[in-house]
Peer 1: 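Quick one: the structure is below, and I'll ask about it shortly.
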Amino acid sequence: MGFLSYLISGISLGSIYAIIALGYTMVYGIAKMLNFAHGDVIMVGAYMSFMATAYIGWSPLASVVLAMAVCTLLGIIIERLAYKPLRNATSLAVLITAIGVSYFLQNIALLIWSSNPKSFTSIISLDSLRLFDGQLIISSVTLVTIAACIVIVYGLTMIVRYSKIGKAMRAVSEDKEAAQLMGIDVNQTISVTFAIGSGLAAVAGVLLCSAYPLLMPTVGAMPGIKAFTAAVFGGIGSIPGAMLGGILLGVIEILGKAYISTELSDAIVFSVLIIVLLVRPTGLLGKKISEKV
Amino acid sequence: MLKVDDINVYYGSIHAIKGVSFEVEQGEIVTLIGANGAGKSTILKTVSGLLHPQTGSIHFAGQNIVNVPPHKIVSQGLAQCPEGRRIFLQMTVEENLEMGAYIRLRHEIRGAIADVYERFPRLKERRRQQAGTLSGGEQQMLAMGRALMSKPTLLMLDEPSMGLAPILVTQIFEIIKELNQAGTTILLVEQNAQMALSVAHRGYVLETGRIILTAPAADLLNNDKVRKAYLGG
Amino acid sequence: MKKILKLKKDTRKNLITYGMIILAFLIVRFLSASGNISSAFRGQLVPICVYIVMAVSLNLTVGILGELSLGHAGFMSLGAFTGVIAAIILQGSVSNPLRLAIAMVLGAVIAGIAGLVVGVPALRLRGDYLAIVTLAFGEIIKNIINTLYVGIGENGFRISMVNAESLNLGERGTVIMNGPMGAVGIPKLATFASGFILIMVTLFIVLNLQNSRSGRAIMAVRDNRIAAESVGISVTRYKLMAFIISATLAGAAGALYALNFSTVVARKFDFNTSILILVFVVLGGMGNIRGSIIAATVLTVLPELLRAFNNYRMLLYAVILILVMLVSNNEQLKNMTKKFKGFFKIKRPSDLKGGTARE
Amino acid sequence: MKKHRIFCIALTLVMSLAVLAGCGTSTQQSTAIKIGGIGPLTGGAATYGTSVANAAKLAVEEINALGGLQFELNFQDDEHDAEKSVNAYNTLKDWGMQVLCGTVTTTPGIAVSAEAYNDRIFTLTPSASSPKVVEGKDNIFQLCFTDPNQGIASAQYIADAVLGTKIAVIYNNADAYSTGIYEKFASEANDKNFAIVSVTTFTDDTATDFSVQLSEARNADADLVFLPIYYQPASLILTQADAMGYTPKFFGVDGMDGILTMENFNTDLAEGVMLLTPFAPDASDEKTVAFVQKYQERFGEIPNQFAADGYDVVYAIYEASKKAGIKGDMSAADICEKLIKVFTSSDFSVDGLTGENMTWSTSGEVSKAPKGMVIENGVYVGMQ
Amino acid sequence: MSSRLLKTPMVPFPSRAIIPARDLDKPPILEVSRLGIDFGGLAAVDDFSIIIGRTEIAGLIGPNGAGKTTVFNLLTKVYQPSSGAILLDGKDTSGMNTVQINKAGIARTFQNIRLFSSLTVEDNVRIGLHNHLNSNVFFDIFRLPGYWKSERQAHQMTLELLSIFGMEHMIHYKAGSLPYGAQRRLEIVRALATKPKLLLLDEPAAGMNPSETEELMRNIIEIRDALGIAILLIEHDMKLVMGICEGIAVLNYGRIIAKGTAEEIQTNDEVIEAYLGEKKEA
């Protein structure tokens with residue numbers, strides 16, 4: 001039973017990583033940039049939801065909508081102001097700018113919400129699921145998180161595969177210039193991608209803080225890095241890859257803690273990552289890069 | 001129909017296009033010929049809005065399109081089939097065509113696709129295939145078909161013969177002629193000057209960013225200087 | 001004299017770089033001797049030297065070899081703790097400068113070996129995948145050092161992963177590394193002069209390497225891997241060479257860093273420090289050694305100068321970072337500042353030549 | 001090339017500014033005693049530094065309002081990093097600091113105290129609790145308990161009150177404070193009437209999911225979980241234990257203080273949690289009530305233990321300065337010797353928020369009684 | 001040679017008749033037999049056999065996508081062949097990688113130019129000389145005499161090589177900033193710097209105007225004559241191919257459909273059908 005409950009904890013944590021990783025992966029796929037500020041958008045989303053429920057007294061669902069709206073807008077603004085002017089710059093220049101944006105968001109959050117941690121009230125207030133005579137308890141947050149992850153991955157896959165904007169995203173991700181010649185507004189498409197990624201970040205933030213109810217300006221930093229790792233693990237640019245990578249990372253983290261060592265859990269996670277990348281150099285579901293000679 | 005007036009284009013500090021002017025009339029095939037690096041592709045990219053001229057104006061159907069973003073220029077009826085085909089290799093043939101009609105309404109797309117399939121039956125056979133698996137000639141057909149999807153009044157073709165075997169080159173130029181006869185105005189950029197001049201009505205000769213010569217295509221074919229420099233005669 | 005003027009452009013550029021460092025050293029020395037220097041600046045001299053070496057060595061990997069590394073601080077960490085262990089073990093047996101030198105050399109060697117161990121598998125990967133492996137390496141190092149207890153006592157040199165007591169050092173033993181508490185009681189051996197020497201050695205190695213057969217091979221691998229192979233250059237060998245030299249220098253810098261503070265913890269050398277150094281490299285210009293030196297100096301001093309702004313300090317730092325990136329990388333903004341820059345700029349034909357290399 | 005030039009100009013500017021910053025200081029002598037403060041105001045540990053800085057500011061304002069001895073406070077950020085902390089220290093030295101209140105956290109504290117020892121600047125740290133901070137440095141004093149002392153006291157308390165027989169420990173193995181308490185607690189436990197049945201750890205990077213640690217504790221049948229950690233991860237542990245239906249006793253140390261005042265925290269979760277803390281914001285003594293009220297008015301938050309420490313540090317320096325007859329125009333070294341003498345004299349004691357009759361040994365450690373508290377109905381109640 | 005035989009290449013080694021007479025008494029530089037590779041089940045090159053003489057200039061032509069560049073990649077081991085054997089100067093090359101192949105004597109250029117574009121012309125050539133310079137990383141870093149000697153040597157050789165195309169004056173230019181034609185020529189110089197026995201040129205005339213192409217043809221013959229090496233080239237410009245190639249192989253769908261001299265190829269029905277599209281005069 002212990003194993004099962006660890007596995008479920010792992011999947012739950014992994015689902016959150018997966019939702020964050022989706023944001024990384026989508027933005028990477030289209031703009032070929034690592035948006036290191038993504039983790040901090042999560043933090044903003046969580047604060048928004050917190051403010052709406054704790055200060056204004058909104059319903060949890062409404063607070064999620066608000067968080068998504070704010071983060072979507074934030075994503076678009078960040079993209080327009082900080083990344084768009086660097087469309088033709090090297091990817092490293094954009095990476096450094098993203099790190100600047102990350103510092104900026106963290107420090108502005110520090111000024112607005114102070115460094116004092118806040119306890120986040122879970123937006124999910126359903127009862128836990130008790131199985132096997134209460135030996136296995138699965139909290140409602142876990143269930144909702146896993147469900148949300150599945151729904152989001154399914155939805156995104158459908159959007160990218162069949163919708164007009166999704167096809168435009170794929171076209172832009174393959175060849176920006178050719179896409180423009182088709183009449184696709186590349187800037188708008190990238191903005192939409194950022195908007196979707198940031199909206200997802202808000203969901204991830206709310207779920208993260210519902211499961212682990214501690215809210216600080218730095219709350220997004222570590223999950224951000226882990227999710228970035230997960231995205232690469234699964235094969236960056238691939239939507240199912242992000243989901244797989246995220247969930248595996250969560251599961252390895254929890255099982256590593258449970259069966260090997262709590263002290264070395266990070267070392268275990270990152271070692272597995274290195275080994276996997278050595279065997280599959282482009283991640284689990286990453287496309288093989290074939291260089292044309 | 002298209003009137004380019006004294007444009008200057010820079011790549012960073014390099015003066016790539018130096019005061020180029022030319023015109024394309026309704027129903028014509030006009031070709032720009034010149035050696036590699038003469039600035040042919042740069043001109044097309046400037047017309048379609050991918051590059052911006054420092055000075056000069058470009059009028060299409062009476063409207064100045066300098067500084068209009070490329071995706072808006074497409075919706076005015078100006079399509080470009082870029083150099084190197086640039087099809088979306090990871091999308092299917094049909095999806096590629098749909099992208100070509102991105103600015104059209106949903107119900108218009110079906111008809112447009114049918115038209116393209118009619119012209120290029122090979123594409124219909126391979127509609128579900130990933131574009132990356134097509135052969136070079138098929139990819140060029142797809143690229144042209146995709147450009148036609150937006151129902152352009154002016155079609156710009158950038159090196160359609162590039163990298164194709166002679167037999168396919170002939171086929172492609174046949175299609176260009178057909179398209180023109182069906183009413184599409186064509187601006188053609190080619191290195192294969194012989195072929196280009198054999199289908200075009202008029203031609204401009206470019207050298208290092210300048211137009212040095214303009215005449216009806218037949219005259220250019222017989223021009224000694226042109227023959228020597230570009231036709232290997 | 002004539003000969004110097006006729007030197008090749010690269011050589012002239014390198015001499016300017018050396019000259020700049022020597023001049024800066026002399027000026028600071030002079031000001032310091034005449035008491036015209038603030039404590040805040042004096043206290044930063046060694047860290048500045050360390051960050052310069054870190055930036056120059058990372059530039060070897062990122063700029064000259066062209067591989068993104070997000071774990072450079074991991075090598076610094078290994079060098080730091082190795083250096084501390086060496087310095088404490090040698091306490092009393094050799095003179096301080098020698099002790100510092102040995103600590104730095106040992107730190108460099110261990111970091112270099114780690115560079116080899118990480119490099120052999122990692123360098124098979126490309127781009128972002130290599131980056132994530134280096135990031136992972138840095139995190140693993142941090143995690144392991146946090147659980148490491150090292151000491152020297154009556155049973156000699158002992159290592160444990162349980163706790164300090166299990167080292168069984170006896171009454172007069174010294175715990176050198178105490179798990180998450182890191183190393184404490186480090187002798188402060190680092191001096192500005194030693195930092196200066198380390199920079200000069202680093203420059204000597206990196207600049208000489210850059211303008212040589214081996215260095216050209218490394219740059220060839222960066223510019224075009226397939227072409228490099230086609231002319232008979234072993235990609236793995238030169239990638240590894242650059243990576244190991246880079247790690248080695250970072251190790252020496254780490255030892256110098258650790259021996260400047262009385263305590264050092266593994267947490268210091270985390271992802272954020274790696275990123276910080278990467279920022280120096282990118283801002284200074286990829287492959288541009290002098291740029292790295294200047295960027296490392298400016299960005300190390302900048303947060304301290306912003307202290308006057310109190311709570312807005314780090315916010316301003318972030319804004320400055322973003323703005324600098326935008327201004328230096330955006331075509332339009334560049335053009336806007338062109339006139340201003342033209343004021344200082346002497347046109348050189350070489351700039352024009354380089355102009356067409358446009359991606 | 002172009003980038004170069006900008007940088008060259010910037011470098012010159014920076015250099016001259018940095019150098020100029022050195023001139024002009026130390027010429028001006030005001031009569032107020034310059035107290036420097038160092039702690040994290042940004043980054044992950046910002047909450048501790050901010051609390052100390054706020055409370056110290058409050059204390060200085062109060063003291064200055066009394067007339068008499070005047071203080072001037074300059075609090076600098078160190079981002080919980082030794083290097084930045086030494087930078088902050090040097091900046092304060094340039095400013096003319098005469099007494100140091102700091103640093104707030106341990107690792108920077110060790111680095112800075114070594115500097116302050118060399119420079120002979122009297123230092124009283126509010127909360128850097130490792131014995132390494134004061135060890136071998138006669139002019140460095142602590143206002144908080146040392147970590148080993150907390151470990152010993154916790155073991156003693158649990159044993160004496162027979163709070164549990166099977167103890168599980170969850171601690172932060174990337175944190176000096178947490179590890180320090182745990183190690184002493186573990187070695188103390190050997191000859192006590194309880195057994196440590198499960199020891200698990202986490203780091204700041206993995207401080208999200210505690211299901212494994214809690215499951216192990218439960219599987220080992222632990223009836224008490226000892227948490228020598230700060231209240232932020234503790235709040236997560238309490239929440240997750242509740243979700244899994246695991247209800248042992250929880251025993252914390254002074255880092256646990258703050259859990260009740262954490263914004264929006266469901267205090268039901270902390271019901272029955274025991275902790276050793278020198279300070280409780282809802283204590284009813286006059287001093288605490290006044291302090292909490294003022295602090296809340298001024299900063300909009302309920303002060304935690306760190307704030308109380310910061311407040312006490314300033315008052316301790318104030319009391320000692322009065323006693324030693326210190327004036328603002330004395331040199332830092334003179335002040336240092338005088339304050340050492342007062343602090344280590346047998347007749348000097350301070351009544352503060354964090355303890356009555358605080359006295360200091362020559363080693364720099366404070367002597368005060370820890371208060372055992374238990375949370376009942378959302379408030380601290382003395383544990384007896 | 002009958003066309004029937006060409007269509008069904010049953011013979012592992014083609015007739016030696018296409019090797020120029022002057023090379024007949026020497027062992028051939030390259031013998032390739034039944035070389036093949038498939039990408040995901042699709043045979044990109046199949047049953048490819050060819051012999052090239054010591055000082056021969058040979059051509060490989062065929063429609064786009066026929067697998068010409070793939071043959072180059074197989075010869076230089078960018079791809080490992082899934083079948084067949086390559087003998088270079090009589091030595092089996094199986095198990096060699098790209099680097100070893102180059103050291104063994106094959107150098108190449110690329111269809112899409114692959115220069116070290118951020119480096120100078122001189123550096124590009126010096127990198128080509130890499131394996132012929134006697135220095136190592138210690139000499140380099142500590143500037144020991146070995147370094148100075150090898151640098152002097154490199155400079156001298158670089159100038160000599162660049163003089164083939166009269167490019168000495170461009171020595172300090174950035175390779176990426178050169179005009180297109182000069183880039184192609186620099187790539188050839190760089191390949192020559194590795195002192196190959198066999199030089200592979202992938203579309204050397206692409207992007208050149210007719211007069212440039214004519215000059216290139218002269219240069220290629222000069223190189224062959226001066227260095228006594230063999231050259232195998234891929235080219236679409238029939239004038240160049242027919243003009244200088246002594247033996248020509250035509251590839252279609254990964255298979256050789258014809259081999260022979262220029263005249264033989266131009267009159268081969270299958271070639272005309274697959275490739276030329278119409279009968280052309282030389």
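Naming convention: chains lettered A, B, ... in sequence-line order (proteins, then strands); numbering from 1 in each chain.
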Peer 1: Taking atom types as modelled, is there a side-chain donor on A/Ser114 or D/Glu301 under 3.5 Å from an acceptor on the other?
Peer 2: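 There is such a pair between these side chains.
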
Peer 1: With distance as the sole test, does D/Asn264 use its side chain to make a donor-acceptor pair with the main-chain N or O of A/Phe120 at under 3.5 Å?
Peer 2: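 No; judged by distance alone, with no hydrogens or angles, the pair does not exist.
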
Peer 1: With a 4.5 angstrom heavy-atom cut-off, is it the side chain or the backbone of D/Asn304 that approaches chain A, or both, or neither?
Peer 2: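 The answer is neither part of D/Asn304.
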
Peer 1: Say you draw a straight line from CG of A/Asn116 to CD of D/Gln232; how long is it, rounded to the nearest 0.5 Å?
Peer 2: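 CD of D/Gln232 is found 8.5 Å from CG of A/Asn116.
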
Peer 1: Which atom names give the shortest non-hydrogen contact between D/Leu236 and A/Tyr212, and what distance separates them?
Peer 2: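 For D/Leu236 versus A/Tyr212, the nearest heavy atoms are CD2-C, 3.3 Å.
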
Peer 1: Under a 3.5 Å distance rule, please check whether A/Lys257 uses its side chain to pair with a backbone N or O of D/Phe210 as donor and acceptor.
Peer 2: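 No, the answer is negative, given that no donor and acceptor are paired below the 3.5 Å cut-off.
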
Peer 1: Could you have a look at D/Gly49, D/Ser235, D/Ala243, D/Ser215 and say which one has the most heavy-atom pairs with chain A under 4.5 angstrom?
Peer 2: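 Among the listed options, the one with the most contacts to chain A is D/Ser215.
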
Peer 1: Please classify the contact of D/Tyr246 with chain A as side chain, backbone, both or neither, using a heavy-atom distance under 4.5 Å.
Peer 2: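 For D/Tyr246, there is no contact with chain A at all, as no heavy atom is under 4.5 Å.
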
Peer 1: With only heavy atoms counted, which part of D/Thr42 is less than 4.5 Å from chain A, the side chain, the backbone, both or neither?
Peer 2: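 It is both, since atoms from each part get that close.
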
Peer 1: Let me know if A/Pro217 has heavy atoms under 4.5 Å from chain D in its side chain, its backbone, both or neither.
Peer 2: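 Nothing of A/Pro217, per the 4.5 Å heavy-atom cut-off to chain D.
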
Peer 1: Could you tell me which portion of D/Asp205 (side chain, backbone, both or neither) has an atom closer than 4.5 angstrom to a non-hydrogen atom of chain A?
Peer 2: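 Contact with chain A: backbone and side chain both.
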
Peer 1: Taking all heavy atoms of A/Leu110 and all of D/Ala46, pick out the closest pair and write down the distance.
Peer 2: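 Where A/Leu110 meets D/Ala46 most closely, the heavy atoms are CD1-CB, 4.0 Å.
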
Peer 1: Contact part of D/Thr206 toward chain A, heavy-atom cut-off under 4.5 Å: side chain, backbone, both or neither?
Peer 2: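 For D/Thr206, backbone and side chain are both near chain A.
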
Peer 1: Can you confirm whether the side chains of A/Thr262 and D/Thr201 place a donor and an acceptor under 3.5 Å from each other?
Peer 2: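 A/Thr262 vs D/Thr201: donor-acceptor pair found between side chains.
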
Peer 1: Which bit of A/Tyr55 is near chain D, if near means a heavy-atom gap under 4.5 Å: side chain, backbone, both or neither?
Peer 2: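 The answer is the side chain of A/Tyr55.
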
Peer 1: Please report the closest heavy-atom contact between A/Ala211 and D/Gln240, naming both atoms and the distance.
Peer 2: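 Shortest heavy-atom separation between A/Ala211 and D/Gln240 comes out as O-NE2, 4.3 Å.
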
Peer 1: With a cut-off of 6.0 Å (strictly less than), are more than 12 heavy atoms of other residues, nucleotides or ligands near CG of A/Leu61?
Peer 2: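 It does not: A/Leu61 CG has 12 such atoms or fewer within range.
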
Peer 1: Taking all atoms of both residues into account, what is the closest heavy-atom pair of D/Glu216 and A/Ala258, and its distance?
Peer 2: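 Shortest heavy-atom contact: OE2-O, 3.5 Å.
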
Peer 1: With a 4.5 angstrom heavy-atom cut-off, could you sort out which part of A/Glu263 is near chain D: side chain, backbone, both or neither?
Peer 2: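 It is both, since atoms from each part get that close.
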
Peer 1: Indicate yes or no: at least one non-hydrogen side-chain atom of D/Val212 is less than 4.5 angstrom from one of A/Ile254.
Peer 2: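 Counting from C-beta outward, D/Val212 and A/Ile254 do come under 4.5 Å.
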
Peer 1: Check whether D/Tyr48 gets within reach of chain A through its side chain, its backbone, both or neither, counting any heavy atom under 4.5 Å.
Peer 2: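 Neither part.
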
Peer 1: Could you check which of D/Asn219, D/Thr261, D/Thr208 has the highest count of heavy-atom pairs closer than 4.5 Å to chain A?
Peer 2: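 Of D/Asn219, D/Thr261, D/Thr208, D/Thr208 has the most heavy-atom pairs under 4.5 Å with chain A.
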
Peer 1: Side chains of A/Ser115 and D/Thr50: any donor to acceptor distance under 3.5 Å?
Peer 2: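 D/Thr50 vs A/Ser115: donor-acceptor pair found between side chains.
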
Peer 1: How long is the span from the OG1 atom in D/Thr203 to the CG atom in A/Asp266, to the nearest 0.5 Å?
Peer 2: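 If we round to the nearest 0.5 Å, D/Thr203:OG1 and A/Asp266:CG are 5.0 Å apart.
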
Peer 1: Could you check whether atom NZ of A/Lys118 has more than 12 heavy atoms from other residues, nucleotides or ligands sitting under 6.0 Å from it?
Peer 2: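 Yes.
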
Peer 1: Look at the side chain of A/Ser9 and the backbone N and O of D/Ser211, then say whether any donor-acceptor pair between them is shorter than 3.5 Å.
Peer 2: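 Between the backbone of D/Ser211 and the side chain of A/Ser9 there is no qualifying donor-acceptor contact (under 3.5 Å).
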
Peer 1: In terms of heavy-atom pairs under 4.5 Å, which option from A/Pro213, A/Ala54, A/Ser139, A/Ser265 contacts chain D the most?
Peer 2: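 Heavy-atom pair counts peak at A/Pro213.
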
Peer 1: Looking at CG of D/Asp209 and CD of A/Glu253, how far apart are the two atoms once the value is rounded to the nearest 0.5 Å?
Peer 2: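 Between D/Asp209 CG and A/Glu253 CD, I get 7.5 Å after rounding to 0.5 Å.
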
Peer 1: Which heavy atom of A/Leu214 sits nearest a heavy atom of D/Met262, and at what distance?
Peer 2: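 Answer, listing the atom of A/Leu214 first, then D/Met262: CD1-CE, 3.4 Å.
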
Peer 1: Measuring from D/Leu41:CG to A/Asn107:CG, what's the distance to the nearest 0.5 Å?
Peer 2: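 Output value for this atom pair is 11.0 Å.
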
Peer 1: Look up atom CG in D/Asn173 and atom OG in A/Ser261, then write down how far apart they are to the nearest 0.5 Å.
Peer 2: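 Taking CG in D/Asn173 and OG in A/Ser261, the distance rounds to 8.0 Å.
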
